[in-house]
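Written below as structure tokens is the structure these notes are about.
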Amino acid sequence: MSNPLMEKMLDLPEFEVTDFKQNDNDMGFYVETKKRPTFCPVCGCYMPNLVIYKSRKQTVRDISVLGKRTALIINRHYYECRECGGRFAEPLESVGDNERITKRLRTTLALLAPYCPFTDLEREYQISDTTIRKIFMERVNALPKPYELETPKVLGIDEICLMKDDYHRKQPWAIIANGDQNTVMEILRNRSKTSVMEFLQSLKDPSKVEVATMDMWSGYRTAVNEVLPKALVVVDKFHVIKMANEQMDSARKYFYKYAPHGLKKSKSLFLMREDNLTEKAISYRDEWFEQYPKLKIAYALKESFYRIYDCSTRFEAERAFREWQRQIPSDTDFNGWRLMASTVRRHRKPIFNYFDAPYTNAFVEGLNSVIRSISDEGRGYDFDILRGKVLLSAGRKIETPKTDFDHMTHWSKSVIKDYGSAFEDILGAIERGLI
């Protein structure tokens, strides 16, 4: 006998509730379909003569009701068509074919998966990790392809090293960014020239790219030069400045082996720009300089290298670099600085292109910590899951035309502009605990 109160609570009109059981954490609705099938899927006959030849119980997970895990125990009928002799299971509107979860639970999991660790969903709904991953990947696979995204004038290429390959080497993933809109367009499984070229070739309008910012890896530059020959390649200044910071910190580490413990804890003091130091910090720094004169020279080299990027023209910057090189002592303790100067000379053209097109990938740099945060929340996530989490967690930055309500003009899907996932929104999702 049906229970109208339970049916209202369940809110699945196709079922009548014949029984109900619960404990402190779970609910079970025993249900049957209210109506017989109106056609035979075997022969297509409308209103056929059907007989039930067997019934069996099928347990299907559903969304939580009143904060409790919920399952449907369906008394599912199997019919035989007297018109054609065909046999079939009764169709269910609320449950997909060969599924053990309701369609609305599938939708719920698809919406929650970008923001929750899979282990939490597995625990809450008692659904296998495999099922959750499958549902999540369906959303990931439906993400717009490169040719559906708006092509920017400024294209950023960066990378992150997170997972290790079979040889225990960290594998870098390439991150493609829209520098105009500060969005993440795509994350590639590797940073090979072939992978980057395939992405660039699939852009909606490759000729629109005027500037490509990147680090000094030759594969990126070669890929851009071959696919986007008119684009100006600019080495991100933060990757260049990073070399000076590394040399400065290397000098500090060399001396703190013989120095009091305070030098070991003063990393930020030596990496910070001199203009940003307080009087107290300058005094503390100068005490170390008195004890270790070579540390003072390394600091001066770091500061003068930074000042190259304070120049207003390319000519001034290249002249400042030549002067900076002459400041490097011939002492073997400064071999690292000479190697750094050699690297700048080798990449001179794209590095100093910055002064003709001052664009950077600075906004992408924080993505490394974002991806690591997501990875830490879900142990065992592979590339596909992490890529999906980043690209889905903050929604999409989409621009649609305004509707003219006076004329109710129709516009096609092709005029919708998708720029990718806004980096600020990804960070916001992290800060709000959504990822």
Side-chain angles (χ1 to χ4, degrees), residues 158 213-218 221 233-362 365 368:
D158 213 312
T213 59
M214 61 191 68
D215 61 22
M216 285 170 278
W217 190 63
S218 61
R221 188 164 65 251
V233 174
V234 175
V235 169
D236 187 343
K237 78 170 187 177
F238 292 101
H239 286 282
V240 183
I241 289 172
K242 181 182 177 183
M243 294 191 296
N245 284 336
E246 288 172 348
Q247 291 303 320
M248 179 68 250
D249 201 45
S250 178
R252 180 188 64 87
K253 289 178 179 178
Y254 175 79
F255 289 110
Y256 80 48
K257 290 186 292 186
Y258 314 102
H261 189 64
L263 185 58
K264 185 175 183 179
K265 299 173 66 176
S266 302
K267 178 177 180 178
S268 60
L269 176 68
F270 293 99
L271 296 186
M272 191 178 296
R273 291 295 302 267
E274 188 170 28
D275 294 342
N276 297 327
L277 293 176
T278 63
E279 290 185 7
K280 182 178 180 180
I282 291 174
S283 175
Y284 185 56
R285 179 205 64 183
D286 290 346
E287 290 178 11
W288 291 115
F289 286 168
E290 289 179 9
Q291 296 183 56
Y292 305 101
K294 288 185 178 180
L295 194 62
K296 181 178 181 179
I297 296 173
Y299 188 85
L301 287 171
K302 188 249 325 180
E303 284 296 304
S304 58
F305 189 82
Y306 262 87
R307 284 193 288 273
I308 293 173
Y309 280 96
D310 294 335
C311 296
S312 56
T313 67
R314 183 185 190 122
F315 176 79
E316 291 176 4
E318 291 188 343
R319 183 176 61 185
F321 171 67
R322 289 192 295 270
E323 292 174 356
W324 176 82
Q325 288 185 98
R326 289 193 286 270
Q327 297 173 19
I328 303 175
S330 58
D331 193 323
T332 55
D333 287 339
F334 296 90
N335 283 345
W337 294 94
R338 280 189 288 278
L339 181 62
M340 172 183 159
S342 175
T343 300
V344 174
R345 290 195 301 272
R346 191 165 63 251
H347 300 277
R348 182 186 62 80
K349 184 177 180 180
I351 285 177
F352 289 100
N353 278 346
Y354 170 80
F355 296 91
D356 297 324
Y359 297 103
T360 76
N361 286 340
E365 290 300 312
N368 289 0

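Atoms considered below: every heavy atom in the structure, side chains included; atoms not considered: hydrogens, waters and symmetry mates.
Looking only at distances, no side-chain donor or acceptor of Lys294 sits under 3.5 Å from a matching main-chain atom of Ala251. The closest donor-acceptor contact from the side chain of Asp286 to the backbone of Ser283 lies at 3.5 Å or more, if one exists at all. Proximity of a side-chain donor or acceptor of Ser342 to a complementary backbone N or O of Arg338 within less than 3.5 Å is not detected.
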Assess whether side-chain contact (heavy atoms from CB on, under 4.5 Å) is satisfied between Trp337 and Trp324, documenting all intermediate values. CA-CA 10 Å; Trp337 294 94; Trp324 176 82; 3.6 Å; yes

Please determine whether side-chain hydrogen bond (donor to acceptor under 3.5 Å, both in side chains) holds for the pair Tyr359 and Asn353, giving the CA-CA distance in whole Å, both sets of side-chain angles, and the decisive distance to 0.1 Å. CA-CA 10 Å; Tyr359 297 103; Asn353 278 346; over 6 Å; no

Report the C-alpha separation of Asp158 and His239 in whole Å, then their side-chain angles, then the decisive distance to 0.1 Å, and conclude whether the side-chain contact (heavy atoms from CB on, under 4.5 Å) test is met. CA-CA 10 Å; Asp158 213 312; His239 286 282; 3.6 Å; yes

Under the side-chain contact (heavy atoms from CB on, under 4.5 Å) criterion, do Thr213 and Thr360 qualify, and how do the steps go? CA-CA 6 Å; Thr213 59; Thr360 76; over 6 Å; no

side-chain contact (heavy atoms from CB on, under 4.5 Å) between Ile241 and Tyr306: does it pass, once the steps are laid out? CA-CA 7 Å; Ile241 289 172; Tyr306 262 87; 3.1 Å; yes

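Taking all atoms of both residues into account, the shortest heavy-atom contact from Met272 to Lys302 is O-NZ, 3.0 Å. Residues Pro350 and Arg221 approach most closely at CG-CD, 4.2 Å, considering heavy atoms. Between Leu301 and Pro329 the shortest heavy-atom distance is CD1-CD, 4.3 Å. Nearest approach of Phe321 to Ala341, heavy atoms of both residues: CZ-O, 3.7 Å. Closest heavy-atom contact between Asp236 and Asn361: OD2-N, 2.9 Å.
Annotation: side chain of Val240 is not in contact with side chain of Tyr354 (no heavy-atom distance under 4.5 Å). Side-chain contact between Arg252 and Leu271 is absent, with no heavy atoms from C-beta onward closer than 4.5 Å.
In this structure, Lys280 forms no cation-pi arrangement with Tyr284, as its terminal cationic atom is not both closer than 6.0 Å to the ring centre and no more than 45° off the ring axis.
Legend: residues meeting side-chain contact (heavy atoms from CB on, under 4.5 Å) with Arg322, ordered by chain and number and at least two apart, are Glu318, Arg319, Gln325, Arg326. Every residue meeting the ring pair (Phe, Tyr, Trp, His ring centres under 6.0 Å) condition with Phe355, not counting sequence neighbours, appears here in chain and number order: Tyr309. Taking Phe289 as the reference, Tyr299 meet the ring pair (Phe, Tyr, Trp, His ring centres under 6.0 Å) condition, with sequence neighbours excluded.
Expressed to the nearest 0.5 Å, how far CG of Asn276 lies from CD of Glu274 amounts to 10.0 Å. Rounding to the nearest 0.5 Å places NZ of Lys349 at 7.5 Å from CZ of Arg314. Considering CG of Leu295 and CG of Asp333, their distance stands at 11.5 Å, rounded to 0.5 Å. Atoms CD1 and CG, from Ile297 and Asp331 in turn, are 8.0 Å apart once rounded to the nearest 0.5 Å.
In Arg345, the CZ atom is crowded: over 12 heavy atoms of neighbouring residues, nucleotides or ligands sit closer than 6.0 Å.
Under 4.0 Å is where a charged nitrogen must lie from a carboxylate oxygen, and between Asp310 and Arg273 at least one such pair does.
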